[in-house]
Amino acid sequence: MQLSNDTVEVLKNFSTINPNLVIEPGQKVKTISESKTVMASAEIVEDFPEQVGIYDLNEFLSVLNLVETPDVDFKGKFMNISGGSQFAQQVRYYYSNPEILTTPNKDIQMPDVDVGVTLSEDIIGKLKQAASVLGHSDLSFVGKEGSVEAVVHDAKDATANVFMLNVESGNTVTQEFNFDLNISNLKLIPGDYYVSLSSKAISHWQNLNFPVEYFVALESTTKF
């Protein structure tokens, strides 16, 4: 099996959420952060034949880069990664015990959605840029009379600089609300997203360009 570029990008992204990973048989890959505040799931083209536990995902990705045109052969307790057009290369990469790794125990069932909004890749990039420039980690989606504004701010300092960006006008929800999250939890594969926000303190980020989704916890200050 040769891993596609898309699958490698998924693994790179997941390594930013959790350094270890358990891949179950099939075509779905899932991960969850140690803090349990972010869970991600992606559909991939490869069909894994067996459970694979990886303790250090970044190391595994580096091993793939070590071998020219790597081909992965699954052997029950380890995988053989081989390749090379001029000089034969091979790595025997042993699985880790899944019991010592952090992995989702079950799928998240999204509760009733109170507000939905579409965010382009450019808007998400601008919000992350603002958080970096201002040195803030708080992001709020604030609604009033059908207008939804994304606000980057410091929730602990009312006098700190604030970045505001109107992301949607004419939203079907006209009441006032604020959904608050930590922007550092937005470890997303680039793309446009449909974001579902629930007053049950959870948000769902569905990539509109690639089969990957994220569940991100909201802060207790959320109000709807």
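Note that the structure is predicted; figures quoted are calculated from it, not measured.
Identified under the ring-ring contact (aromatic ring centres under 6.0 Å, His included) test for residues 13-35, with sequence neighbours left out: none. For the salt bridge (charged side-chain N to carboxylate O under 4.0 Å, His left out) condition, the pairs that include at least one residue of residues 41-54, sequence neighbours left out, are Lys28-Glu43. The salt bridge (charged side-chain N to carboxylate O under 4.0 Å, His left out) contacts involving residues 76-104 comprise nothing, where partners must be two or more places apart or lie in separate chains.
In terms of the side-chain contact (heavy atoms from CB on, under 4.5 Å) criterion, residue partners of Ala155 (sequence neighbours excluded) are, by chain and number, Asp138, His153. With sequence neighbours left out, the salt bridge (Lys or Arg N to Asp or Glu O under 4.0 Å) criterion links Lys128 to no other residue. For Lys30, the salt bridge (Lys or Arg N to Asp or Glu O under 4.0 Å) partners at least two apart in sequence or on another chain are Asp107. Looking at residues two or more places apart in sequence or on another chain, you find a salt bridge (Lys or Arg N to Asp or Glu O under 4.0 Å) between Asp73 and Lys75. Every residue two or more places apart in sequence or in another chain that forms a side-chain contact (heavy atoms from CB on, under 4.5 Å) with Thr103 is listed here: Val22. The side-chain contact (heavy atoms from CB on, under 4.5 Å) check on Lys144 picks up Glu176, with sequence neighbours excluded. Evaluation of the side-chain contact (heavy atoms from CB on, under 4.5 Å) rule for Glu9 yields Lys12 as partners, not counting sequence neighbours. Residues that satisfy the ring pair (Phe, Tyr, Trp, His ring centres under 6.0 Å) test with Tyr93, not counting sequence neighbours, are Phe60.
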Please table the atom pairs, donor to acceptor, closer than 3.5 Å between any side-chain atom in residues 110-118 and protein atoms at least two apart or in another chain.
residue, atom, partner, partner atom, Å
Asp114, OD2, Ser199, N, 2.6
Asp114, OD2, Ser199, OG, 2.8

Working for side chain to side chain donor-acceptor pair (under 3.5 Å), residues Asn166 and Ser147
CA-CA 7 Å; Asn166 188 284; Ser147 178; 2.8 Å; yes
Test ring pair (Phe, Tyr, Trp, His ring centres under 6.0 Å) on Phe141 and Phe177; report intermediate values, then the result.
CA-CA 8 Å; Phe141 292 100; Phe177 59 79; 8.9 Å; no
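Using modelled atom types, one finds a donor on one side chain and an acceptor on the other under 3.5 Å when comparing Thr159 with Asp157.
Between the side chain of Ser198 and the backbone N or O of Ala201, no donor-acceptor pair lies under 3.5 Å.
The side chain to side chain contact (heavy atoms under 4.5 Å, CB included) test with Val162 singles out one residue from Leu134, Asp154, Val152, Val151, and that residue is Val151.
In this structure, Val72 is a member of the same hydrophobic cluster as Ile54, with clusters built from ILVMFWY side-chain heavy atoms closer than 4.5 Å.
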